[in-house]
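Take a look at the structure set out below.
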Number of protein chains: 2
Amino acid sequence: MSKAKATSIDIAHLAGVSQATVSRALRGSPLVSQETRERIRAAAEQLNYKVDKNASNLRLQHSGTLALLLFEDPTTDGSNINPFFLSMLGSITRACAQLGYDLLVSFQQFSNDWHADYADSKKADGIILLGYGDYLAYRARLEKLVEIGTRFVRWGAVQPDQPGVSVGCDNFSGGQAVARHFIEQGCRRIAFLGDASSHYPEFFERYRGYAQALQQAGLEVDEALQVDAESTQLCGHTAMSELIAREVAFDAVFAASDLIAIGAMSALAEHGYKVPVDVPVAGFDDIPMARFASPPLTTVLQDTRSAGEVLVQNLLMMIRGEPAQSVMLPVKLMVRQSSVRPS
Amino acid sequence: MSKAKATSIDIAHLAGVSQATVSRALRGSPLVSQETRERIRAAAEQLNYKVDKNASNLRLQHSGTLALLLFEDPTTDGSNINPFFLSMLGSITRACAQLGYDLLVSFQQFSNDWHADYADSKKADGIILLGYGDYLAYRARLEKLVEIGTRFVRWGAVQPDQPGVSVGCDNFSGGQAVARHFIEQGCRRIAFLGDASSHYPEFFERYRGYAQALQQAGLEVDEALQVDAESTQLCGHTAMSELIAREVAFDAVFAASDLIAIGAMSALAEHGYKVPVDVPVAGFDDIPMARFASPPLTTVLQDTRSAGEVLVQNLLMMIRGEPAQSVMLPVKLMVRQSSVRPS
DNA sequence: CGTCCGGCTGAATACGTATGCATGGGTGCC
DNA sequence: GGCACCCATGCATACGTATTCAGCCGGACG
């Protein structure tokens with residue numbers, strides 16, 4: 001039909017008013033009379049007019065958009081995105097839609113430089129940072145963000161000395177719960193699969209919870225029972241194989257994430273171990289796959305739905321200039337077959 | 001530090017040049033001397049300057065952004081997003097990043113009105129439509145989009161009379177392959193779980209492929225063996241239970257999607273059927289969960305990676321004004337344990 | 001009948017960038 | 001030495017919208 005898109009001036013001509021009135025009418029200003037408003041609305045519909053967001057955003061100095069930045073360690077195999085973060089993505093999208101914001105999604109995995117630019121270039125009003133990253137490597141950047149006044153929230157371990165606002169689950173309690181669950185069943189040599197250094201604060205918190213539960217039960221925390229692993233099935237498989245190769249005794253496996261746990265279970269199967277009879281296994285995250293693993297995987301549920309809501313709400317508070325605080329969300333142990341020895 | 005964000009004029013002052021030169025330098029215009037360019041770059045860095053995308057986009061009349069619109073039938077249980085589309089999301093994001101575009105993501109599931117507005121409001125240069133939707137219900141809207149010149153590509157069944165450009169897998173051949181796989185093993189009463197009406201063209205194509213394979217093998221296509229189901233585990237469970245309740249004989253189950261297959265397998269287990277010994281099962285999509293189902297699920301692989309690339313490339317062609325055509329991608333049968341009877 | 005006020009509307013401008021056009025200074029060539 | 005030419009830069013303007021300010025009209029009130 002019309003080749004060029006209609007502008008508010010076209011609408012103004014058609015409706016016999018000025019451009020200013022068109023703008024006011026379409027934004028719902030009370031200054032416009034009901035009759036004029038209706039005429040303008042009709043004209044706009046007739047020409048398929050839509051407000052030009054670029055012009056509008058430029059004028060208003062905000063974009064009505066949030067950016068979601070998913071960063072994963074580039075060392076991961078790059079194949080598939082961690083399902084846990086996909087769940088988060090879904091809940092964040094939902095929360096954004098409910099609150100009237102659009103969402104820009106970017107995977108650090110796929111691009112080189114930090115798209116924190118999204119906010120600096122006014123393409124987004126704020127940023128959500130998501131990922132099990134090597135936190136220390138990003139710390140300087142977070143501090144830079146704070147310094148130049150970029151609004152952002154981070155999903156991850158909630159620690160007192162962090163720059164900016166974080167939202168995360170209670171990884172410590174989750175780790176504790178898993179360890180206690182094993183201990184109650186009489187396990188005494190519980191392996192931990194996952195990076196236990198402070199570079200990965202979330203895994204580290206899970207490890208600390210695990211270690212404390214062991215100590216409270218009077219059990220030794222044996223370094224030989226801990227194997228580093230990033231959150232992929234492949235790493236889980238490798239780490240489990242490594243543990244078996246060490247030939248140390250173990251009677252339970254706590255994997256720091258579900259993907260690691262699933263990889264570990266496949267390695268156990270290959271080596272002839274039956275789960276849970278020979279060795280019970282538990283993971284962390286409760287990704288959808290966990291329920292359908294064989295056997296169904298015991299894990300720690302992170303409530304992604306409220307996590308997404310809290311992230312977005314906190315970010316919007318910051319954008320509005322209100323003070324926002326870090327939040328730690330509760331977790332829940334989901335006991336399934338993989339961790340329960342038949343009595 | 002500085003409260004207000006720096007503009008190109010600030011940079012111009014600091015570098016002792018005009019705003020025009022700043023713009024040219026930062027955009028890499030060959031008109032600017034090397035020395036001046038360097039001075040401007042330094043000034044920009046010093047002030048943490050980033051080009052204001054809103055102003056830039058307004059001036060350039062494009063946004064460097066694509067919108068991904070995921071629409072699923074609102075009748076689904078709304079809990080989790082179909083993992084297959086999440087895979088597509090990942091590959092589309094990757095393709096966008098590689099081609100220098102940002103991606104705006106929206107779930108029709110969560111919002112009421114069509115955000116085709118993204119393109120009309122110039123927030124995006126084009127739209128990617130994704131979803132097993134009731135296609136007929138959207139047809140009028142697609143035609144409207146074509147009419148007003150909105151650039152979009154659609155993931156789904158590729159059919160000759162469709163408005164716009166589509167990219168999809170060869171669902172027909174996939175359905176054929178699954179049916180033949182069962183037939184080769186001597187199955188003669190193969191059930192089909194999934195909507196077989198033309199409202200869901202992708203499922204319908206899979207059904208047509210299945211039906212043709214049966215006929216070519218001289219087998220009857222029995223309507224009693226087909227049960228409607230949308231693509232969720234719950235629907236799969238329900239549909240399978242329904243089939244069992246019908247008390248018709250069946251010796252294989254072809255589910256139109258992996259989620260349906262997984263739901264069906266759980267229903268089979270509840271009724272005491274062993275997969276694959278009593279009844280072999282296959283799905284469609286090859287979502288990550290399929291490999292970890294119990295038993296691992298035979299399914300039809302859709303290559304989401306190239307699908308994402310083709311979608312984005314086609315859309316960019318349209319944006320550049322080049323002609324783009326619908327594309328049908330090949331599929332591949334992934335035989336795993338769920339469909340293979342021990343001989 | 002004049003004044004004032006309130007309710008609507010229009011004119012003008014700013015948001016920050018990109019670019020066509022004009023300009024200045026330097027260089028080469030005759 | 002003068003003229004033409006080119007490279008680098010500055011000036012001015014347009015992109016489309018939202019809002020401030022000013023103006024107009026009609027009615028109410030003194």
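Every chain is numbered from 1 and lettered A, B, ... according to where its sequence line falls, protein lines coming before strand lines. Just so you know, these numbers come straight off a predicted model, no measurement behind them. No hydrogens, no waters, no symmetry mates; every other heavy atom, side chains included, goes into these values.
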Name the nucleic acid region contacted by [X], choosing base, sugar-phosphate or nothing; use a 4.0 angstrom heavy-atom cut-off, strictly under.
{"X": "Thr36(B)", "value": "sugar-phosphate"}
{"X": "Leu60(A)", "value": "sugar-phosphate"}
{"X": "Gln61(A)", "value": "sugar-phosphate"}

What is the distance, to the nearest angstrom, from the [atom1] atom on [X] to the [atom2] atom on [N]?
{"X": "Leu58(B)", "N": "dT13(D)", "atom1": "CG", "atom2": "C1'", "result": "13 Å"}
{"X": "Arg37(B)", "N": "dA8(D)", "atom1": "CZ", "atom2": "C1'", "result": "11 Å"}
{"X": "Gln19(B)", "N": "dA14(D)", "atom1": "CD", "atom2": "P", "result": "15 Å"}
{"X": "Asp120(B)", "N": "dT17(D)", "atom1": "CG", "atom2": "P", "result": "13 Å"}

[atom2] on [Y] to [atom1] on [X], rounded to 0.5 Å:
{"X": "Leu86(B)", "Y": "Ser87(A)", "atom1": "CG", "atom2": "OG", "value": "7.5 Å"}
{"X": "Tyr118(A)", "Y": "Thr65(A)", "atom1": "OH", "atom2": "OG1", "value": "11.0 Å"}
{"X": "Ser121(B)", "Y": "Asp52(A)", "atom1": "OG", "atom2": "CG", "value": "7.5 Å"}

OP1 or OP2 of dA18(D) under 4.0 Å from side-chain N/O of Ser8(A): no

Ser18(B) side-chain N/O to dT9(D) phosphate OP1/OP2 under 4.0 Å: no

Non-hydrogen side-chain atoms of Val105(B) and Leu70(B) separated by less than 4.5 Å: no

Within residues 20-27 of chain A: residues closer than 4.0 Å to DNA chain C (heavy atoms): Ala20(A), Thr21(A), Arg24(A)

Arg151(A) side chain vs Met318(A) backbone, donor-acceptor pair below 3.5 Å: yes

Sidechain-backbone polar pair: Asn54(A) side chain, Ser63(B) backbone, donor-acceptor under 3.5 Å: no

All salt bridge (charged side-chain N to carboxylate O under 4.0 Å, His left out) counterparts of [X], not counting sequence neighbours:
{"X": "Glu322(B)", "result": "Arg320(B)"}
{"X": "Lys53(A)", "result": "none"}
{"X": "Arg41(A)", "result": "Glu38(A)"}

salt_bridge(Lys5(A), Asp120(B)) N-O dist < 4.0 Å: yes

Pairwise 5' ranking along DNA chain D for Val17(B) and Tyr49(A), keeping only the more 5' one: Val17(B)

Where chain B begins and ends its contact with DNA chain C, read 5' to 3' at 4.0 Å from heavy atoms: dG16(C) to dG20(C)

Angle between terminal axes - the helix from dC1(C)-dG30(D) to dC30(C)-dG1(D), 5 pairs each end, rounded to 10°: 50°

Least distance between heavy atoms, Ser29(A) atom then Arg37(A) atom: O-NH2, 2.7 Å

Residue mapping more 5' on DNA chain C - nearest nucleotide basis, Ser33(A) or Asp52(B): Ser33(A)

